[in-house]
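A short write-up of the structure that comes next.
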Amino acid sequence: MVDCLEFDDELKITKFKTSSFNPTHIFECGQAFRWYKEEDNSYTTVDGDKFCNVSIVGDYIYLKNCTKKDYYEKWENYFDLKTDYSEIKEKLSFNDTLKNALEYGYGIRILNQDKFSTIISFIISANNQIPRIMKSVNIICENYGNIIGEFNDRNIYSFPSPEQLSKVSVEDMREICRVGFRDKRIIDVANMIQSGQFDIEKISELSNEDLRKELIKLPGVGPKVSDCIMLFAYKRSSTFPVDVWIKRVMEYLFIKKETDKKLIANYANELFGEYAGYAQQYLFYYGRENTIGK
DNA sequence: TGCCAGGGGTTCA
DNA sequence: TGAACCCCTGGC
């Protein structure tokens, strides 16, 4: 759902127009941990072993370090550019409360991110804060990933593969990467995937319910982290992850009383149906930026 | 300056 | 069901 799509493979620049695309809201709504805000307010983002720089110039979205091939093989899917967000917003606008959140977080898109890095990143997110999560993820990439390019005089590092991460000791994971008690969980998961014991590609064929059951088998993955992985790496857009922020927002704006997390997810699924995941992102951003319910 | 609470949850008892 | 958990930051 983009217009005026143009490629300049020599300069590695792709540009297009679309009705719903705001880099700040996309990256800072909490779904991704590997982005860097440049001095010119553009964002450089890394996913797996690819990176690009995103900016807005006039009516155009510019993707730098993105050839035609990169666009179709990676970024079109990553930025969810085949989805019509105006249609989603229209479907969700039936609810006045949600309407405010939709307007506030205009241009949010749900990213389709690399599976392995999403799993590890959200394991790190447990009982943690966003700046520290981003710091740990960056240290992991700089220490164990590969240099995949350079942008604005900075080296850009890939997220390490399961093989690369499985070779890291639990001690280094804690002491170098500052992940605390999550150290063993991360190394164990890397080993389970590297050894073939857990197949992160094959499980993408499963139903939502079965996929969640599988993901929760991973150490460090509970109900909330599994839902984030499903929404941000497995395209399960009806998933409604309930964290402390969403809990507060839903209680304050919708349910008007203290409610169990599982019941909140059920409530959201009934209200927002197949678009629950999108609603969640708008509500999370709206709630956190405005400290709603706190 | 120094102490303390609390954080995008999960695990273990 | 509830306490414990690494580390770090912000508030007092």
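The chains referred to below are lettered A, B, ... by the order of the sequence lines, with proteins before strands, and numbering in each begins at 1.
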Legend entry - Shortest side-chain distance from Q129(A), nucleotide among dG6(B), dT11(B), dC7(C): dG6(B)
In this structure, how many angstroms lie between the [atom2] atom of [N] and the [atom1] atom of [X], rounded?
{"X": "R132(A)", "N": "dC6(C)", "atom1": "CZ", "atom2": "P", "result": "11 Å"}
{"X": "I186(A)", "N": "dT11(B)", "atom1": "CD1", "atom2": "P", "result": "13 Å"}
{"X": "L215(A)", "N": "dT11(B)", "atom1": "CG", "atom2": "P", "result": "12 Å"}
{"X": "F181(A)", "N": "dC5(C)", "atom1": "CZ", "atom2": "C1'", "result": "5 Å"}
{"X": "N127(A)", "N": "dC8(C)", "atom1": "CG", "atom2": "P", "result": "14 Å"}
{"X": "R174(A)", "N": "dC5(C)", "atom1": "CZ", "atom2": "P", "result": "11 Å"}
{"X": "D243(A)", "N": "dT10(B)", "atom1": "CG", "atom2": "P", "result": "10 Å"}
{"X": "D183(A)", "N": "dC5(C)", "atom1": "CG", "atom2": "P", "result": "14 Å"}

Count the heavy atoms of every other residue, nucleotide or ligand shown that sit under 6.0 Å from [atom1] of [X], and state whether that count exceeds 12.
{"X": "E90(A)", "atom1": "CD", "value": "no"}
{"X": "D8(A)", "atom1": "CG", "value": "yes"}
{"X": "K12(A)", "atom1": "NZ", "value": "no"}

Inset, instruction - Give me the ring orientation class for Y72(A) and F7(A): parallel if the planes are under 30° apart, tilted from 30 to 60°, perpendicular past 60°. - result: tilted
Inset, instruction - For the pair W75(A) and F79(A), name the ring-plane relationship: parallel under 30°, tilted 30 to 60°, perpendicular over 60°. - result: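 Correct class here is tilted.
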Contact class for [X] (heavy atom, under 4.0 Å): base, sugar-phosphate, or nothing?
{"X": "R288(A)", "value": "nothing"}
{"X": "E175(A)", "value": "nothing"}
{"X": "P219(A)", "value": "sugar-phosphate"}
{"X": "L218(A)", "value": "sugar-phosphate"}
{"X": "P223(A)", "value": "sugar-phosphate"}
{"X": "G180(A)", "value": "base"}

Inset, instruction - Quote, to the nearest angstrom, the P distance that separates dC6(C) from dA13(B). - result: 14 Å
Inset, instruction - Considering only atom P, compute the distance from dT1(B) to dC7(C) and round it to an integer number of Å. - result: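 Going atom to atom, P in each nucleotide, I get 24 Å.
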Legend entry - Check: Y85(A) ring centroid to Y278(A) ring centroid under 6.0 Å: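 Ring centres of Y278(A) and Y85(A) closer than 6.0 Å.
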Inset, instruction - Decide yes or no, distance alone: a donor-acceptor N/O pair under 3.5 angstrom between the base of dC6(C) and the side-chain of N128(A). - result: no
Legend entry - Donor-acceptor under 3.5 Å (Q280(A) side chain, P241(A) main chain): yes
Legend entry - Which nucleotides of DNA chain B pair, in dot-bracket form (Watson-Crick or G-U under 3.5 Å, | meaning another strand): .||||||.|||||
Inset, instruction - Would you mind telling me which residue lines up with the more 5' stretch of DNA chain B, R185(A) or F232(A), judged by nearest nucleotide? - result: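 By nearest-heavy-atom nucleotide position, the 5'-most residue is F232(A).
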Legend entry - N or O in side chain of R178(A) less than 4.0 angstrom from dC8(C) OP1/OP2: yes
Legend entry - Set of side chain to side chain donor-acceptor pair (under 3.5 Å) partners for S86(A), sequence neighbours left out: D84(A)
